Undergrad: 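Here it is, the structure in full.
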Amino acid sequence: MARNSEKAMTTLARWRAAQEGGLKVKERRPYLAGDCDDIHQAEKWRRQILGEISRKVAQIQNAGLGEFKLRDLNDEINKLLREKGHWEDRIIELGGPDYRKIGPKMLDAEGKEVPGNRGYKYFGAAKDLPGVRELFQQEPPPAPRKTRAELMKDIDADYYGYRDEDDGLIVPAEQEAEREAVASKVAEWKERVAKIARGEIVRDEDLDPEENLYPPEEVEMEEETKEESDGEKEHFIAHVPVPSQQEIEAAIVQRKKTELLKRYATDSLMEEEESVKQMLGV
């Protein structure tokens with residue numbers, strides 16, 4: 001095993017060789033996109049980030065990595081996506097193209113965003129982790145209930161069937177159905193009468209086909225009642241005398257006078273008034 005001094009010498013030797021041009025030091029990506037002023041370098045770092053995202057998205061598809069490894073990979077992918085956005089903004093500032101409009105969006109489409117957590121996405125097997133699966137299985141919000149005013153808005157005369165006969169179709173159809181029903185019953189009755197006359201069937205004692213369903217006594221009583229009612233309507237006689245308007249007004253004035261006398265006149269005053277009336281012969 002090499003000692004620390006030997007490691008230091010090895011690192012020093014590599015650094016001196018790099019300074020002399022023997023080795024090429026790998027250039028690191030700037031931590032902030034604003035530190036880069038070259039558009040070609042910015043596009044290079046953007047392509048590098050896309051490659052890292054592709055590799056990590058491929059790795060996260062393996063559900064056997066374990067819960068913690070999947071969560072770490074998902075966090076790294078989201079971090080790289082944010083960093084890619086920063087570099088795309090920097091490219092636009094340097095006069096380059098807008099990759100958010102013209103670039104492919106397959107990497108973003110592979111992730112699924114949690115409702116209510118804008119920006120953070122889950123990729124691959126991370127979407128089936130405990131606690132994450134429930135986030136995507138939210139129940140749909142209940143349908144809004146209609147108010148009483150909205151329910152009553154569509155209720156009119158048609159709702160209660162008040163204008164069903166105004167279309168001119170129901171009444172003729174009902175009349176036609178009624179005529180067919182009456183014709184059918186009359187045909188059945190005539191056929192039954194003919195069979196009874198031929199002796200094919202026995203006449204029903206409870207209902208004789210030749211018997212009038214409405215006895216003449218009842219018909220006469222109904223006609224007399226109708227005539228009496230019509231006569232009363234035509235020849236109305238008032239047995240109680242009806243007062244005229246002048247008589248009604250005089251009665252009201254007399255009643256008011258009597259009430260005022262009862263309220264304000266004393267017994268002695270009433271006696272004097274009666275004596276004066278007797279003396280005057282009124």
Side-chain angles (χ1 to χ4, degrees), residues 2 4 7-8 10-145:
N4 293 335
K7 292 180 181 180
T10 305
T11 303
L12 180 61
R14 293 176 59 189
W15 180 77
R16 292 191 56 155
Q19 291 292 331
E20 294 174 358
L23 292 176
K24 185 177 181 181
V25 179
K26 183 178 180 182
E27 189 178 4
R28 298 185 60 182
R29 185 169 66 241
Y31 183 75
L32 297 176
D35 296 340
C36 180
D37 297 328
D38 187 2
I39 185 172
H40 298 290
Q41 289 291 328
E43 291 180 349
K44 170 187 172 183
W45 302 132
R46 177 183 176 275
R47 289 193 298 270
Q48 183 183 25
I49 294 173
L50 288 175
E52 294 179 6
I53 292 174
S54 300
R55 289 192 298 272
K56 293 184 181 297
V57 169
Q59 294 176 7
I60 204 172
Q61 305 298 327
N62 185 9
L65 294 177
E67 178 181 350
F68 300 104
K69 182 63 176 177
L70 290 174
R71 292 186 184 275
D72 292 341
L73 279 174
N74 198 79
D75 291 338
E76 293 174 4
I77 293 172
N78 281 274
K79 181 179 179 181
L80 289 172
L81 286 174
R82 290 193 298 271
E83 189 175 357
K84 180 176 73 71
H86 296 327
W87 282 106
E88 290 175 350
D89 294 338
R90 184 58 180 168
I91 291 173
I92 295 175
E93 293 175 359
L94 295 175
D98 187 359
Y99 287 102
R100 294 184 178 180
K101 294 182 179 179
I102 64 176
K105 299 181 180 180
M106 295 180 58
L107 293 175
D108 294 343
E110 293 179 1
K112 192 171 183 181
E113 186 175 330
V114 178
N117 191 5
R118 187 177 180 84
Y120 194 88
K121 298 181 179 181
Y122 288 89
F123 297 83
K127 293 183 288 188
D128 297 328
L129 291 174
V132 179
R133 190 186 306 108
E134 291 76 7
L135 297 177
F136 297 111
Q137 296 177 353
Q138 292 183 351
E139 297 182 359
R145 297 183 59 184

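What you see is a predicted model, and the numbers here were worked out from it, not measured in a lab.
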Undergrad: Can you check whether Ala42's main-chain N or O pairs, donor with acceptor, with Arg90's side chain at less than 3.5 Å?
TA: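 Answer holds: no.
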
Undergrad: Minimum heavy-atom separation for Arg46 to Trp87, with atom names?
TA: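 Smallest heavy-atom distance, with atoms named: CB-CB, 4.5 Å.
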
Undergrad: Checking Gln41 side chain against Asp37 main chain: does a donor-acceptor pair fall under 3.5 Å?
TA: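 A pair under 3.5 Å: no.
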
Undergrad: How close do Ile39 and Gly96 get, counting heavy atoms only, and between which atoms?
TA: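 It is CD1-CA, 3.3 Å.
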
Undergrad: Could you grab the distance from atom OH of Tyr99 to atom CD of Glu43, nearest 0.5 Å is fine?
TA: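 Spacing of OH (Tyr99) from CD (Glu43) equals 3.5 Å.
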
Undergrad: Hey, could you give me the CG/NZ distance between Asp72 and Lys56, rounded to the nearest 0.5 Å?
TA: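 It is 9.5 Å, given to the nearest 0.5 Å.
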
Undergrad: Quick one: does Glu83's side chain get under 4.5 Å of Glu52's, heavy atoms only?
TA: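 No; the side chains remain at least 4.5 Å from each other.
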
Undergrad: Any ion pair linking Lys84 and Glu88 (charged N to carboxylate O, less than 4.0 Å)?
TA: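 Salt bridge between Glu88 and Lys84, a charged N being under 4.0 Å from a carboxylate O: yes.
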
Undergrad: Just by distance, do the side chain of Arg100 and the backbone of Gly85 share a donor-acceptor pair under 3.5 Å?
TA: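 Flag set: sc Arg100 to bb Gly85 pair under 3.5 Å.
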
Undergrad: Measure the CG-CG distance between Asn78 and Leu73 for me, rounded to the nearest 0.5 Å.
TA: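 These two atoms lie 11.5 Å from each other.
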
Undergrad: To the nearest 0.5 Å, what is the distance between CG (Asp89) and CG (Leu94)?
TA: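 Asp89 atom CG to Leu94 atom CG measures 11.0 Å (nearest 0.5 Å).
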
Undergrad: Rounded to the nearest 0.5 Å, how far apart are CD of Glu76 and CD1 of Ile53?
TA: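 If we round to the nearest 0.5 Å, Glu76:CD and Ile53:CD1 are 11.5 Å apart.
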
Undergrad: For Val57 and Phe123, which heavy atoms make the closest approach, and how far apart are they?
TA: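 It is CG2-CD2, 4.3 Å.
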
Undergrad: So how far is it from Leu65 CG to Leu70 CG, rounded to the nearest 0.5 Å?
TA: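 Atom-to-atom, Leu65:CG and Leu70:CG are 5.5 Å apart.
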
Undergrad: Kindly state each residue pair satisfying salt bridge (charged side-chain N to carboxylate O under 4.0 Å, His left out) with at least one member in residues 60-71, sequence neighbours excluded.
TA: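 For residues 60-71: Glu67-Arg71.
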
Undergrad: Could you report the tightest heavy-atom contact between Ile60 and Ala126, atom names first, then the distance?
TA: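 Taking every non-hydrogen atom into account, CD1-CB, 3.9 Å.
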
